[in-house]
Chemist: 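First, the structure itself, so that you have it in front of you.
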Amino acid sequence: MIYLDNSATTKPYSVVLETYTKVASRYFANPSSLHAFGQKVRELHEEARKQIAQLLGVHSDELIFTSGGTESNNLALKGIAHRYKNRGRHLITTQVEHPSVKEVMGELEKEGFTVTYLPVDEQGVIRVSDFEHALREDTILVSVMHVNNEVGSIQPIQEISNRLSKHQAFFHVDNIQGMGMCELDLNGIDLLSVSAHKLHGLCGTGLLYKKKGIELHSEMLGGGQEGGIRSGTENTAGAVAFAKALRLVLTEKENKLKDVLAIRDYLLQELSQIEGIHVHSKKACMAPHILCLSARGHRGEVLVHALEQKEIFVSTTSACSSKAKLASSTLKAMGVSDEEATGAIRISLGYENTDAEAEQFIVAFREVLEKINEVVK
């Protein structure tokens, strides 16, 4: 099996699974319990928070554990909008955000908020001048993803944070695809979403970084866990496993990122020699691990299933919306035609992919295209 769908989810590291199993089986008490067993679990939970904070260079009390990236994004957007709506009701985001941002923005519009959706250029990147023009006195939140989940374009996060330094608006960054792959300075960022299962951790665990001093309206009421912001019995085993996964990924980054880049460049070179292939990801502004392309005259799901027969797994752009069989909203925003957008597939690399796998993919992809073309004829 060759797995090239790491942006949908990554394979958990074996040591991460071992860590989760050990904690879940030995330290299963409720961390809110008053007895010594529960307090031991509380210590483990807070130690995991402390370790992640050290890895990210933030304070431990600035981290909120969640169930994943979608919840983190929802909590950030709704939490700010509902807490600070008396300051203003204008929000800014982009046309190419993940549904967990775009759909929340749509709901907030129904509540009376005004949202500006910034367009992108042909590379999938917003223009800072458009952002500056959209910024208003009553803007209370700006939400921009670091790395696009469909084409891998990197947004100008630093430039945005610089321009917000003297503005009241809070800056939220969806860093779910970028963590462990792209550098990001957290200075100037007020809220940051991260998901463990994109980092060889486990599904169902994530976190939201919230800069000290910022208040959030709680969307989940109950026992008052996670500083009163996210009630519910804590997933301590998941938090400890998350800390383990993040440490491993960030430790391996220096050595393995160059391998990912080499594989990406090899794929770009080989794909450029195949007739009818249009690569939508632009090397000048793309993340190391995400590659989006279309094969002229072919639908994306056909290519995905044909490759699946050879035990090679890729996806049609975003896994979260692939079942809808709609043209990629990101590609359409980039000016790509409907025909090409519906024919797009995404190759997403991880630290465990190899040169040999990339070579096998190119061979298999050529064979798939030849076979499909013969059927069409």
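What you see is a predicted model, and the numbers here were worked out from it, not measured in a lab. Hydrogens, waters and symmetry mates are skipped; everything else that's a heavy atom, side chains included, is used. The first residue of the sequence shown is numbered 1, and numbering continues consecutively from there.
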Chemist: Is the Phe65-His45 ring centre distance short of 6.0 angstrom?
Modeler: yes
Chemist: For Val304 and Thr316, what are the C-alpha separation, side-chain angles and deciding distance, and is it a side chain to side chain contact (heavy atoms under 4.5 Å, CB included)?
Modeler: CA-CA 7 Å; Val304 168; Thr316 53; 3.6 Å; yes
Chemist: Looking at Glu226 and Lys210, is any side-chain nitrogen of the basic one under 4.0 Å from a carboxylate oxygen of the acidic one?
Modeler: no
Chemist: Does the side chain of Glu137 come under 3.5 Å of the side chain of His167 through a donor N or O and an acceptor N or O?
Modeler: no
Chemist: With a 3.5 Å cut-off and no angle check, do the side chains of Asn353 and Asn6 form a donor-acceptor pair?
Modeler: yes
Chemist: Is the backbone N or O of Arg296 less than 3.5 Å from a side-chain atom of Ser294, with the two atoms forming a donor-acceptor pair by type?
Modeler: no
Chemist: Is a side-chain N or O of Thr21 found less than 3.5 angstrom from the main chain of Glu18, in a donor-acceptor match?
Modeler: no
Chemist: Side-chain heavy atoms under 4.5 angstrom apart, residues restricted to Ile, Leu, Val, Met, Phe, Trp, Tyr: same cluster for Leu267 and Leu303?
Modeler: yes
Chemist: Report yes or no: do Leu208 and Leu91 belong to one cluster of Ile/Leu/Val/Met/Phe/Trp/Tyr joined by side chain heavy-atom distances under 4.5 Å?
Modeler: yes
Chemist: How about Leu257 and His289: do any of their side-chain heavy atoms sit closer than 4.5 Å?
Modeler: no
Chemist: Sub-3.5 Å donor-acceptor pair from the side chain of Ser195 to the main-chain atoms of Lys198, do we have one?
Modeler: no
Chemist: Is there a side-chain contact between Leu75 and Leu191 (heavy atoms, below 4.5 Å)?
Modeler: no
Chemist: With rounding to the nearest 0.5 angstrom, report the CZ to CD distance, Phe365 to Glu270.
Modeler: 12.5 Å
Chemist: Nearest 0.5 angstrom please: Leu164 CG to Asp190 CG, how far?
Modeler: 8.0 Å
Chemist: Please tell me if the side chains of Lys102 and Thr93 come closer than 4.5 Å, counting only heavy atoms from C-beta onward.
Modeler: no
Chemist: Does a donor on one side chain and an acceptor on the other come within less than 3.5 Å for Ser143 and Glu97?
Modeler: no
Chemist: Should we say atom CD of Glu103 is surrounded by more than 12 heavy atoms from elsewhere, each under 6.0 Å from it?
Modeler: no
Chemist: Within a radius of less than 6.0 Å around CZ of Phe37, do more than 12 heavy atoms belonging to other residues, nucleotides or ligands occur?
Modeler: yes
Chemist: Give a yes-or-no answer on whether the side chains of Glu252 and Tyr13 include a donor-acceptor pair shorter than 3.5 Å.
Modeler: yes
Chemist: Quick one: do the Thr139 and His90 side chains pair a donor with an acceptor below 3.5 Å?
Modeler: yes
Chemist: Locate the shortest heavy-atom distance separating Ala344 from Leu331; write the atom from each residue and the value.
Modeler: CB-CD1, 3.4 Å
Chemist: Quick check: is Ile229 connected to Leu63 through a chain of hydrophobic side chains (ILVMFWY, heavy atoms under 4.5 Å apart)?
Modeler: no
Chemist: Any side-chain heavy-atom pair from Ile157 and Asn175 closer than 4.5 angstrom?
Modeler: no
Chemist: In terms of side-chain heavy atoms, does His59 have a donor or acceptor partner in Glu62 at a distance below 3.5 Å?
Modeler: no
Chemist: Could you tell me if the side chain of Tyr351 sits less than 4.5 Å from the side chain of Met181, heavy atoms only?
Modeler: yes
Chemist: Do Ser60 side-chain atoms and Lys50 backbone N/O form a donor-acceptor pair below 3.5 Å?
Modeler: no
Chemist: Quick check: closest heavy atoms across His172 and Leu192, and the distance to 0.1 Å?
Modeler: CD2-N, 4.3 Å
Chemist: Within the side chain of Asn148, is there an N or O that forms a donor-acceptor pair under 3.5 Å with the backbone of Val96?
Modeler: yes
Chemist: Report the relative orientation of the aromatic rings in His280 and His278; use parallel for angles under 30°, tilted for 30 to 60°, perpendicular for over 60°.
Modeler: tilted
Chemist: Would a hydrophobic clustering, with Ile, Leu, Val, Met, Phe, Trp and Tyr connected at side-chain separations under 4.5 Å, put Leu56 with Ile214?
Modeler: no
Chemist: Which value, rounded to the nearest 0.5 Å, describes the distance between Ile126 atom CD1 and Phe131 atom CZ?
Modeler: 7.5 Å
Chemist: Without hydrogens or angle criteria, can the side chains of Gln158 and Asn162 be said to hold a donor-acceptor pair below 3.5 Å?
Modeler: yes
Chemist: Over 60° means perpendicular and under 30° means parallel, so classify the ring planes of Phe170 and Tyr84, tilted if in between.
Modeler: tilted
Chemist: Between the side chains of Thr205 and His197, is a donor N or O closer than 3.5 angstrom to an acceptor N or O?
Modeler: no
Chemist: If every non-hydrogen atom of Leu207 is compared with every non-hydrogen atom of Ser72, which pair is closest and at what distance?
Modeler: O-OG, 2.9 Å
Chemist: Distance from Ile80 atom CD1 to Leu108 atom CG, nearest 0.5 Å?
Modeler: 11.5 Å
Chemist: Would you check if there is a donor-acceptor pair between the side chains of His98 and Asn149 at a distance under 3.5 Å?
Modeler: no
Chemist: How about NZ on Lys258, more than 12 heavy atoms from neighbouring residues, nucleotides or ligands closer than 6.0 Å, or not?
Modeler: yes
Chemist: Would you kindly confirm whether Val142 and Tyr117 end up in one hydrophobic cluster when ILVMFWY residues are joined by side chain heavy atoms under 4.5 Å apart?
Modeler: no
Chemist: Which pair of heavy atoms, one from Asn74 and one from Ser100, lies closest together, and at what distance?
Modeler: ND2-O, 3.6 Å
Chemist: Could you go through Glu215 and Arg83, starting from their C-alpha distance and side-chain angles, then the distance that decides it, and tell me whether this counts as salt bridge (charged side-chain N to carboxylate O under 4.0 Å, His left out)?
Modeler: CA-CA 7 Å; Glu215 299 178 5; Arg83 172 62 183 82; 2.5 Å; yes
Chemist: With a 3.5 Å distance limit and no angle check, can you tell me whether Ser153 reaches the backbone of Gly124 through a side-chain donor-acceptor pair?
Modeler: yes
Chemist: Rounded to the nearest 0.5 Å, how far apart are CG of Leu141 and NZ of Lys85?
Modeler: 15.0 Å
Chemist: Using 4.0 Å as the upper bound for N to carboxylate O, is an ion pair formed by Asp61 and Arg49?
Modeler: no
Chemist: Would Leu118 and Gln95 satisfy side chain to side chain contact (heavy atoms under 4.5 Å, CB included), going step by step from the backbone distance to the final call?
Modeler: CA-CA 6 Å; Leu118 300 174; Gln95 293 180 352; over 6 Å; no
Chemist: Below 4.0 angstrom, N of the basic side chain to O of the carboxylate: do Lys310 and Glu367 qualify?
Modeler: yes
Chemist: Could you walk me through whether Glu71 and Arg230 satisfy the salt bridge (charged side-chain N to carboxylate O under 4.0 Å, His left out) test, starting with their C-alpha distance in whole Å, then the side-chain angles of each, then the deciding distance to 0.1 Å, before giving a yes or no?
Modeler: CA-CA 10 Å; Glu71 184 187 346; Arg230 201 259 184 185; 2.7 Å; yes
Chemist: Gln177 and His146: side-chain donor and acceptor closer than 3.5 Å?
Modeler: no
Chemist: Taking everything shown except Arg136 itself, do over 12 heavy atoms lie less than 6.0 Å from its CZ?
Modeler: yes
Chemist: Can you tell me how far the CD1 atom of Ile362 sits from the OH atom of Tyr266, to the nearest 0.5 Å?
Modeler: 5.5 Å
Chemist: If every non-hydrogen atom of Ala364 is compared with every non-hydrogen atom of Ile312, which pair is closest and at what distance?
Modeler: CB-CD1, 3.4 Å
Chemist: Would you say the side chain of Ile347 lies within less than 4.5 Å of the side chain of Ile290, judging by non-hydrogen atoms?
Modeler: no
Chemist: Do NZ/NE/NH1/NH2 and the carboxylate oxygens of Lys332 and Asp338 come within less than 4.0 Å?
Modeler: yes
Chemist: I'd like to know if the side chain of Arg264 and the backbone of Ala287 have a donor-acceptor N/O pair within less than 3.5 Å.
Modeler: yes
Chemist: Around atom CD of Glu339, are there more than 12 heavy atoms from other residues, nucleotides or ligands closer than 6.0 Å?
Modeler: no
Chemist: Would you mind checking if Glu234 and Arg42 are paired as a salt bridge, meaning a charged N to carboxylate O distance below 4.0 Å?
Modeler: yes
Chemist: Does either side chain, that of Ser315 or that of Arg346, offer a donor lying less than 3.5 Å from an acceptor on the other one?
Modeler: yes
Chemist: Do you know which two heavy atoms are closest between Cys182 and Ile154, and how far apart they sit?
Modeler: SG-CD1, 4.0 Å
